[in-house]
Each structure stands twice: as structure tokens, then as C-alpha cells.
Amino acid sequence: VQLQASGGGLVQAGGSLRLSCAASGASGGTFSSYVVAWFRQAPGAEREFVVSWSRWRERSADSVRGRFTISRDNAENAVYLQMNDLKPEDTAVYYCAASPPRSDTISNYYRRTSYDYWGQGTLVTVSS
């Protein structure tokens with residue numbers, strides 16, 4: 001499975017941005033059952049969990065809850081991250097991730113090691 005993230009850019013604080021992640025290579029419509037997530041990595045920091053979607057449930061980090069929303073279009077094999085009320089501390093490279101719905105992935109949705117497939121990352125810069 002290959003993931004291609006896009007949609008990053010420069011935005012002012014308080015603004016919005018929508019990231020996209022296009023998936024290819026998953027057989028027979030199986031991608032619709034995958035656990036999908038977004039992570040981010042700020043300069044000098046470790047990659048951190050942002051939001052995930054699995055078993056029809058969205059989970060998000062405290063720092064983005066109420067501002068960021070994950071969604072997916074199973075017909076298009078795409079995952080989206082809608083980011084509202086952006087803050088300078090949201091500046092980072094954003095990565096989409098996906099994995100088949102294994103029990104350990106569903107339980108540990110916040111761990112980088114839970115995901116088999118990663119996109120290349122897209123840079124989001126929020127100016128104050």
C-alpha cells in the first residue's frame with residue numbers, strides 16, 4: 001500500500017487547512033477497513049499522534065481535539081485531515097499512516113509502531 005499526502009502550506013494563525021492522503025495498492029476494497037491516522041513531527045521533536053479513525057470511531061490528541069477532524073472517502077481510498085483554528089504550535093510535517101485492522105493496531109492507535117504504511121509527509125507552517 002502506498003500513501004501520498006498533500007495539501008500542506010503556509011497559513012496564518014486562526015486559519016484552516018485540509019490535508020489529503022491518497023491510498024493505492026490495497027487489494028479488493030480492503031483499505032476501507034484499515035485503521036488510518038495522522039501524525040506530525042515538529043522540528044527537533046519526535047513524531048507524535050494527532051488523530052485516528054478505526055471501527056467508526058475518531059480519536060484525537062488533547063492538543064487538537066475540537067479543532068482537527070479526520071474523515072475518509074472509501075470510494076476514493078482517501079483520508080482527510082481538516083484543521084481549523086490553527087496555531088503556530090501546529091507547525092510540523094504531517095504524515096498519514098494506515099494499517100490493516102489488527103487488534104493491536106486498534107488498541108494502540110496512538111503509537112507510530114502500530115502502523116505499517118506511511119505517506120511521505122506534507123509541511124504545514126502556521127504564522128503568528
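All residue numbers refer to positions in the sequence shown, counting from 1.
Residues in residues 60-112 take part in these ring-ring contact (aromatic ring centres under 6.0 Å, His included) pairs, two or more places apart or across chains: F49-Y109. Residue pairs meeting the side-chain hydrogen bond (donor to acceptor under 3.5 Å, both in side chains) criterion with at least one partner in residues 117-126, sequence neighbours excluded, are absent.
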**Q.** From CA spacing to verdict: side-chain contact (heavy atoms from CB on, under 4.5 Å), S52, F39
**A.** CA-CA 9 Å; S52 70; F39 286 73; over 6 Å; no
Q. Would V79 and C96 count as a side-chain contact (heavy atoms from CB on, under 4.5 Å) if you check the C-alpha gap in whole Å, the side-chain angles of each, and the deciding distance to 0.1 Å?
A. CA-CA 8 Å; V79 182; C96 56; 5.8 Å; no
Q. Do S99 and R102 pass the side chain to side chain donor-acceptor pair (under 3.5 Å) test, and can you show the C-alpha distance, the side-chain angles, and the key distance before you say yes or no?
A. CA-CA 8 Å; S99 192; R102 297 186 297 264; 3.2 Å; yes
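Here the shortest heavy-atom pairing between V124 and M83 reads CG2-CE, 3.8 Å. Across all non-hydrogen atoms, the minimal contact from V64 to S60 is CG2-CB, 4.1 Å. Looking at every heavy atom in both residues, S128 comes nearest to A13 through CA-CB, 4.3 Å.
With rounding to the nearest 0.5 angstrom, the CG atom of L123 is 8.0 Å from the OG1 atom of T91. Interatomic distance, T113 OG1 to N108 CG, rounded to the nearest 0.5 Å: 7.5 Å.
For the salt bridge (Lys or Arg N to Asp or Glu O under 4.0 Å) test, no residue two or more places apart in sequence or in another chain qualifies with R111. Residues satisfying the ring pair (Phe, Tyr, Trp, His ring centres under 6.0 Å) criterion with W53, sequence neighbours excluded, are absent altogether. For E48, the salt bridge (Lys or Arg N to Asp or Glu O under 4.0 Å) partners are R40, not counting sequence neighbours.
With salt bridges taken as basic N to acidic carboxylate O contacts below 4.0 Å, none links D90 and K87.
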Distance-only criterion, 3.5 Å: show the donor-acceptor pairs between side-chain atoms of residues 15-22 and protein atoms not counting sequence neighbours.
unit_1	atom_1	unit_2	atom_2	d
S16	OG	N84	OD1	2.9

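Judged purely by atom type and a 3.5 angstrom limit, S107 has no side-chain atom pairing as donor or acceptor with the backbone of D104. The backbone N or O of I106 sits nowhere less than 3.5 Å from a side-chain atom of S54 that would complete a donor-acceptor pair.
V51 is listed as a side-chain neighbour of E58, based on a closest heavy-atom distance under 4.5 Å. The shortest distance between side-chain heavy atoms of R72 and V36 falls below 4.5 Å.
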